[in-house]
Asks: 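Below is one structure. I have some questions about it.
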Amino acid sequence: MLTFFSMRWSQSFIPTVREAPADAEVASHIFLLRAGYIRQVAAGLYEYLPLAWRSLLKIQAIVRREMDTIAQEFHMPALHPAELWQASGRWELMGGNLFRLKDRFQRDLCLGMTHEEAMAALAAKELRSYKQLPQIWYQIQTKFRDEPRPRSGLLRVREFIMKDAYSFDLNEAGLDVSYQKHDRVYRRIFDACGLRYVAVEAHSGAMGGSQSQEFMVLGEAGEDLVALCAACGYAANLEKAQAHPAPVADPEAAGGAPEEFATPHQRTIAEVSALTGEAPGRLAKSLVYMVEEESGPEAVLVVVRGDDEASEAKLGTALGGREFRPARPEEIVDATGAPPGSVGPVKARRPLRILADHALRGRHHLIVGANREGFHLRGVTPGEHFTPEWADLREVRSGNACTKCGAPLTVSKAIEIGHIFKLGRKYSHALGVSVQDEAGSAAEPIMGSYGIGIERILVAAIEQNCDKSGFWLPRSIAPYSVIVTPTNLGDAAIAAASERVVAALTAQGEDVLFDDRDERAGVKFKDADLIGIPRRITVGKKAAQGIVEVVDRATGAMREVEMSAIERADW
RNA sequence: CGGGGCGUAGCGCAGCCUGGUAGCGCACCUGCCUUGGGCGCAGGUGGUCCCCGGUUCAAAUCCGGGCGCCCCGACCA
């Protein structure tokens, strides 16, 4: 474990401020600034001041301690030659998110946003035999991403510290083992950091990945959405989550052909629903996307229930990883014959590939756009009047029934603090990782990749442990484990008692911050409440009688304690 | 990339509409006072008013262009 010297506040740089800059909005951002943890350099770039760095070092120490039980630590360059990323195809794929630069010889380089390529390239040079497998390699290193919109203080930044790990196994069974090891170690890490978190099934991405799990801390500041079942524990990122939609009753089947009717000013689901008196769930919503095929962009019709939203993450999965984007209005007219608002799956101008959500399966006599401006169709039955490919395309909503147990799901915002991911052989193949197997033939190892956002652990801890006055960090990751606050250093008894307490605590291995500033007690209390230290020992009026106060920051609970007990480490 | 907001002292803001000496609170420095929840009194330091250009006798203020930062959306291994 890390050990630090105890510090006197008067000799420390802890620039607390009463008012945070007006552009900070989320709690962790406001408090990190006010508590003197960070300062901003530019959008998404922050300076870490001593309090922040002490905390981040403790987090890294925990990560290292646990990771070392299953993996070996490396340190890779942050600066990568373009060839590495060209080999995997991500030089093009990453677009503007990849920081690019040229060296003095005009060679292309980039700053690593992650290290699959770098680690795979090393593995390709060095691994020869299946006997060397499995390997799990990790590092704690700075990552660079040119985010389109950095935000919320340290939550989404352009330069940050990540623990990233990569496993190399001969086969899927081996990968399962490596993946499970990370699952266990990640839980130990987050437990040790004192976080309340949930592991959720995650979208495994368009290419290659077969299984993926994210570790989430629930909170309003989060950028992700997760669906949770309180009854059975099902938890999934909304990009992946499944649930039963609310039931909708269709009329008695009567057969017959669809019937066109005028909807001159009704374009949205709500408007058509109001006109017809039918519930939104009786309509089908049709969206047009342009999908990159070998032959060029092709229009694809995506159909979901009227009261559902289509999930682009799920659509990506259904499309097998092809690039796609919403169609522009002229492309919609060209493909279907109608503008947005009148589009439907029946009788499009051109034959279209149609993807429909499972929630429409077995439904009948629905209302859809007529592919004629200002008209809709009623009496449309999927499978009879149009033939879709069925897929999971709907976004789960709060209240939908859990597919495992039927209980209602809740959807919550969450901060992603870690992600474990079965990568497959994409990078092994692209970078040429190959070993000889038992039979002497060439085998491409299968990879996993595993990340933890170091700063996000700090951010999440603040988000879940704060009030109006400041925050309190779990002792394991707090910059100091205890703050000693004399109320008046001008009082000789208080001064002497404070020094005794600080010396005793330091000898016990506590990281002590001694607030020896010549400030009024009120100022010191306010600062102590602000800066995230979990416990305070106040040395005040009763110091002369050998009594001090121990205050728990989280609860505010105060106990009077004999100084002799402090010195016996019995407090 | 689409939409919105904001740039004046370290921080929070006023002044701008209606052009004419750049202001307030906090912080900071000095002294006194006070000493259990951001105490009080007195004195003081600190400004390319984001940048460039234009209009004008005169620009923080009006006009044009640019840059930066924040928020919503899109995007996000």
Side-chain angles (χ1 to χ4, degrees), chain A residues 15-26 29-30 33-34 36 39-46 85 88-91 93-98 110 112-119 143-153 155-158 160 162 164 166 202-209 212 214 221 223-224 237 239 312-313 316 321 323-326 328 416 419-421 423 426-427 447-451 453 468-470 485-491 494-495 515 517-530 536 538-543 548-549 551 556 558:
Chain A
T16 59
V17 288
R18 282 196 209 188
E19 290 179 285
D23 48 24
E25 293 194 357
V26 308
H29 188 197
I30 292 169
L33 288 165
R34 286 196 52 210
R39 291 293 184 258
Q40 184 176 33
V41 178
L45 297 176
Y46 290 87
W85 289 70
S88 68
R90 293 208 296 180
W91 182 261
L93 203 63
M94 282 302 120
N97 263 31
L98 189 62
C110 65
M113 46 196 296
T114 177
H115 280 69
E116 280 83 2
E117 285 87 351
M119 283 289 193
K143 298 287 189 269
F144 299 87
R145 297 181 187 185
D146 197 359
E147 293 289 343
R149 187 150 93 77
R151 78 189 103 181
S152 306
L155 196 53
R156 183 160 217 86
V157 290
R158 295 194 293 172
F160 61 97
M162 177 187 264
D164 51 317
Y166 307 88
H203 181 56
S204 19
M207 318 253 279
S212 152
E214 291 164 335
E223 304 181 291
D224 287 279
N237 192 306
E239 294 180 341
E312 293 201 346
E323 297 281 299
F324 64 95
R325 60 171 171 80
R328 290 188 282 268
E416 180 187 345
H419 194 172
I420 61 178
F421 193 92
L423 261 187
K426 175 184 170 181
Y427 296 94
M447 288 178 66
S449 109
Y450 316 87
K468 278 155 284 309
S469 307
T485 306
T487 56
N488 179 7
L489 275 179
D491 179 314
I494 291 176
D515 193 351
R517 295 174 300 170
D518 181 21
E519 290 284 356
R520 296 172 62 84
V523 172
K524 298 199 218 182
F525 291 153
K526 291 287 186 191
D527 272 343
D529 289 346
L530 174 64
R536 184 179 84 211
T538 306
V539 183
K541 292 190 203 83
K542 293 189 178 173
V548 298
E549 296 165 9
V551 183
M558 186 271 277

Asks: NA contact type, D527(A), heavy-atom cut-off 4.0 Å: base, sugar-phosphate, or nothing?
Replies: base
Asks: Sort out the partner of C16(B) for me: Watson-Crick or G-U wobble, both distances under 3.5 Å, none otherwise.
Replies: none
Asks: Counting the atoms with a prime plus P, OP1 and OP2 as sugar-phosphate, which does G490(A) contact under 4.0 Å by heavy atoms, base, sugar-phosphate, or nothing?
Replies: nothing
Asks: Using atom P of each nucleotide, how far apart are G23(B) and G65(B) to the nearest Å?
Replies: 32 Å
Asks: Under the side-chain hydrogen bond (donor to acceptor under 3.5 Å, both in side chains) rule, collect the residues that match up with T485(A), sequence neighbours excluded.
Replies: none
Asks: At under 4.0 Å between heavy atoms, which parts of nucleotides 5-10 of chain B does protein reach? Answer with one letter per nucleotide, 5' to 3': B base, S sugar-phosphate only, - none.
Replies: ------
Asks: Provide the Watson-Crick or G-U wobble partner of G46(B), both distances under 3.5 Å; none if there is no partner.
Replies: none
Asks: Considering only the C1' atoms, how many Å lie between G44(B) and C52(B), rounded to the nearest integer?
Replies: 36 Å
Asks: Work out how far the C1' atom of G47(B) is from that of A14(B), and round it to whole angstrom.
Replies: 15 Å
Asks: Between the side chains of Y46(A) and R158(A), does any donor sit under 3.5 Å from an acceptor?
Replies: no
Asks: R34(A) has a side chain; which of G38(B), U35(B), G36(B) sits nearest to it?
Replies: G38(B)
Asks: Please name all residues satisfying side-chain hydrogen bond (donor to acceptor under 3.5 Å, both in side chains) with Q40(A), sequence neighbours left out, ordered by chain then number.
Replies: none
Asks: Check whether any side-chain heavy atom of S449(A) sits under 4.5 Å from a side-chain heavy atom of D164(A), and report yes or no.
Replies: no
Asks: For the pair made of CD in E312(A) and P in C76(B), what is the distance, rounded to whole Å?
Replies: 9 Å
Asks: Hey, does M558(A) reach any base, or is it just sugar-phosphate, or nothing, if we go heavy atoms under 4.0 Å?
Replies: nothing
Asks: For atom P, what is the distance between G19(B) and U56(B), given to the nearest Å?
Replies: 16 Å
Asks: Between R517(A) and D527(A), does any side-chain N to carboxylate O distance fall below 4.0 Å?
Replies: yes
Asks: For G38(B), does either OP1 or OP2 sit under 4.0 Å from a side-chain N or O belonging to R520(A)?
Replies: no
Asks: Nearest whole Å is fine: how far is G36(B) C1' from E519(A) CD?
Replies: 14 Å
Asks: Could you tell me the separation between the CZ atom of R517(A) and the P atom of C39(B), rounded to a whole number of Å?
Replies: 12 Å
Asks: For nucleotides G73(B) and U18(B), find the distance between their P atoms and express it as a whole number of Å.
Replies: 36 Å
Asks: Please determine whether any donor N or O and acceptor N or O are separated by less than 3.5 Å between the side chain of E19(A) and the base of G38(B).
Replies: no
Asks: Generate the contact string for nucleotides 68-73 of chain B. Rules: B means base contact, S means sugar-phosphate contact only, - means no protein heavy atom under 4.0 Å.
Replies: -SSBBB
Asks: In whole Å, measure the gap between the C1' atoms of C17(B) and G53(B) for me.
Replies: 24 Å
Asks: So which nucleotide does A22(B) pair with, by the Watson-Crick or G-U wobble rule with both distances under 3.5 Å?
Replies: none
Asks: Rounded to whole angstrom units, what separation is found between the NE2 atom of H203(A) and the P atom of C76(B)?
Replies: 9 Å
Asks: For K541(A), answer base if it contacts any base atom (sugar-phosphate contacts may also be present), sugar-phosphate if it contacts only those atoms, and nothing otherwise; contact means non-hydrogen atoms under 4.0 Å.
Replies: base
Asks: Round to a whole Å and report the spacing from CD of E223(A) to P of A74(B).
Replies: 12 Å
Asks: So which nucleotide from G37(B), G36(B), C39(B) ends up closest to the side chain of K526(A)?
Replies: G37(B)
Asks: Excluding sequence neighbours, so at least two apart, what forms side-chain hydrogen bond (donor to acceptor under 3.5 Å, both in side chains) with T487(A)?
Replies: none
Asks: Give the rounded distance in Å between these two atoms: CG of D515(A) and P of G37(B).
Replies: 15 Å
Asks: What interatomic distance, in whole Å, is found between P of G3(B) and the corresponding atom of U48(B)?
Replies: 34 Å
Asks: Between P on G2(B) and CZ on R325(A), what's the gap in Å once rounded to a whole number?
Replies: 16 Å
Asks: Under the 3.5 angstrom rule, does the side chain of Y166(A) hit a backbone N or O of H115(A) as a donor-acceptor pair?
Replies: yes
Asks: Tell me, please, which residues at least two apart from R151(A) pass side-chain hydrogen bond (donor to acceptor under 3.5 Å, both in side chains).
Replies: E223(A)
Asks: When the P atoms of C67(B) and C24(B) are compared, how many Å lie between them, rounded to an integer?
Replies: 36 Å
Asks: Do E416(A) and E214(A) make a side-chain contact, defined as non-hydrogen atoms from C-beta onward lying under 4.5 Å apart?
Replies: yes
Asks: Are any of the side-chain nitrogens in K542(A) or E549(A) under 4.0 Å away from the carboxylate oxygens of its partner?
Replies: no
Asks: Check this for me: does the side-chain of R536(A) come within 3.5 Å of the base of G37(B) through a donor and an acceptor?
Replies: yes
Asks: Nearest-Å distance, CG (D146(A)) to P (C1(B))?
Replies: 11 Å
Asks: Have H419(A) and S212(A) got a donor and an acceptor in their side chains that come within less than 3.5 Å?
Replies: yes
